[in-house]
Each structure stands twice: as C-alpha cells, then as structure tokens.
Amino acid sequence: MSCIFCRIVAGEIPAEIVARDEGAVAFLDIQPLADGHVVIVPRAHAARVEEMSAADAAALFRTVVRLVGPVRRALGADATTIGVNDGEASGQTIPHVHVHIVPRWQGDGAGTVHTIFPRRTKRTVAETAASIRKALGG
Ligand code: AMP
Ligand code: ZN
C-alpha cells in the first residue's frame, strides 16, 4: 500500500489521531498551518472528491461536522477555515481526499478562501452557469 493516508487509516504509520469512526479518520496535520490543524480522510481510498461514493462523502462530512466544534473549543478559536485541495493543480499533494480544518482567531492575519485567487475570469457568470448545467445534463 503506497498511499500515505491509507497507511495512517490502517495504523501502519503513526499519526496523532483525534477521532475515528466507520467512515473517516481524523488526525493532526504534521505541518500545521495553525495550532489544531486537523486533517480528516475517508477510510475508502479516493484520489479526488469526484471519485467518492455518495455514502463515503456523506460519512466524511458527518465527521467534519462532528469535529469542527470540539476542535474550535479545544483551541479557544473564534472560527475555522475548512478546505479541500482537490487535484494536483489546486495544490493537492497527497492524492487521497482530505478535508483540512484550520482554527482561526480574530485578527490572526491569515486570509480567506477568496484571497488565494487572483480573480482572472474570462467568461461571464451566465455563460459559465450554462456550461455547468449542460455538463450536469440539464
Ligand atoms: P494537501 O496539500 O491538501 O494535499 O495537504 C496534505 C497535508 O497533509 C499537508 O498539510 C501535510 O502537512 C499533511 N501531511 C502529509 N503527511 C502527513 C502525515 N504523515 N501525517 C499528518 N499529516 C501529513
Ligand atoms: Zn489512500
């Protein structure tokens, strides 16, 4: 098994695990962006979100919902940023789906999801919506 997150799920390599349930395992990020930075992975390997079954995706997000309050309170944080890098071009470095929960404090100096984008759009919102509806078969 070469996937590092599958190996953590299987207990083959150590991790600071904070929660595990039937669908997902949560552990502390080895290079935390802030204190309390947690990574939650589905037990079933999927490289990208679009490869997940609906059941695995639901189980993963249930675990996110279960953890976010306790993580925030444990760290005395005001908020959290919850994110997924989905695909290599987005910055995903480990091709096993994972959700980051990063605690946030008022005035902590970190940006928002919006600040990672240079906003170089080429299409109108209406054109884009039509393309996506077509891809969805609508
Ligand atoms: P991403 O860039 O979204 O693919 O994030 C992968 C995350 O996994 C990074 O924040 C890494 O610090 C973290 N990471 C990599 N290896 C380990 C590990 N063995 N245990 C815990 N976290 C890890
Ligand atoms: Zn895996």
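Since the model is a prediction, treat every value here as computed from it, not as a measurement.
- Contacts classified as ring pair (Phe, Tyr, Trp, His ring centres under 6.0 Å) and involving residues 69-93 (residues at least two apart or in different chains) are not found.
- Rounding to the nearest 0.5 Å gives a distance of 12.0 Å between CG of Asp29 and CD1 of Ile101.
- Under the 4.5 Å side-chain heavy-atom criterion for Ile, Leu, Val, Met, Phe, Trp and Tyr, Ile40 and Ile82 are members of the same hydrophobic cluster.
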For Cys6 and Arg43: C-alpha separation, side-chain torsions, deciding distance, then whether side chain to side chain contact (heavy atoms under 4.5 Å, CB included) applies.
CA-CA 7 Å; Cys6 281; Arg43 283 183 183 274; over 6 Å; no
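- Side-chain atoms of Glu16 do not come within 3.5 Å of backbone N or O of Ile30 as any donor-acceptor pair.
- A side-chain donor-acceptor contact under 3.5 Å links Arg104 and Thr81.
- In this structure, the side chain of Arg72 engages the main chain of Ala77 through a donor-acceptor pair within 3.5 Å.
- Listed for the Asp78 side chain is a donor-acceptor partner under 3.5 Å among the backbone atoms of Gln106.
- The other residues sharing a hydrophobic cluster with Ile17 are Ile4, Phe5, Ile8, Val9, Ile13, Val25, Phe27, Val39, Val41, Ile94, where clustering joins ILVMFWY side chains under 4.5 Å apart.
- Checking side-chain atoms of Glu127 against main-chain N and O of Arg123 turns up no donor-acceptor pair under 3.5 Å.
- There is no side-chain donor-acceptor pair under 3.5 Å between Arg7 and Ser2.
- The shortest heavy-atom contact between Pro70 and Arg66 is CD-O, 3.3 Å.
- Considering all non-hydrogen atoms of both residues, Leu60 and Ala24 come closest at CD1-CB, 4.2 Å.
- Under a hydrophobic clustering in which Ile, Leu, Val, Met, Phe, Trp and Tyr are joined whenever their side-chain heavy atoms come within less than 4.5 Å, directly or via other members, Val84 and Val64 fall into the same cluster.
- Side chain of His98 to main chain of Ala26: no donor-acceptor pair is present (N/O by atom type, distance under 3.5 Å, no hydrogens or angles).
- The stretch residues 101-132 participates, sequence neighbours left out, in no ring pair (Phe, Tyr, Trp, His ring centres under 6.0 Å) pair at all.
- Following chains of ILVMFWY side-chain contacts shorter than 4.5 Å, one can reach Val65 starting from Val38, so the two form part of one hydrophobic cluster.
- Other residues, nucleotides and ligands contribute at most 12 non-hydrogen atoms within 6.0 Å of the CD atom of Glu88.
- Taking the six-membered ring where the residue is Trp, His37 and His100 present tilted rings, their angle falling between 30° and 60°.
- In this structure, Pro103 and Leu75 approach most closely via the heavy-atom pair CG-CG, 4.2 Å.
- Two different hydrophobic clusters hold Val102 and Val71 under the rule that ILVMFWY side chains link at heavy-atom gaps under 4.5 Å.
- Put simply, Val18 and Phe61 are part of the same group of oily side chains (I, L, V, M, F, W, Y) that touch within less than 4.5 Å, one to the next.
- Rounded to the nearest 0.5 angstrom, Asp35 CG and Leu28 CG are separated by 10.0 Å.
- Proximity of Pro42 to His96: side-chain heavy atoms (C-beta onward) are separated by under 4.5 Å at one or more points.
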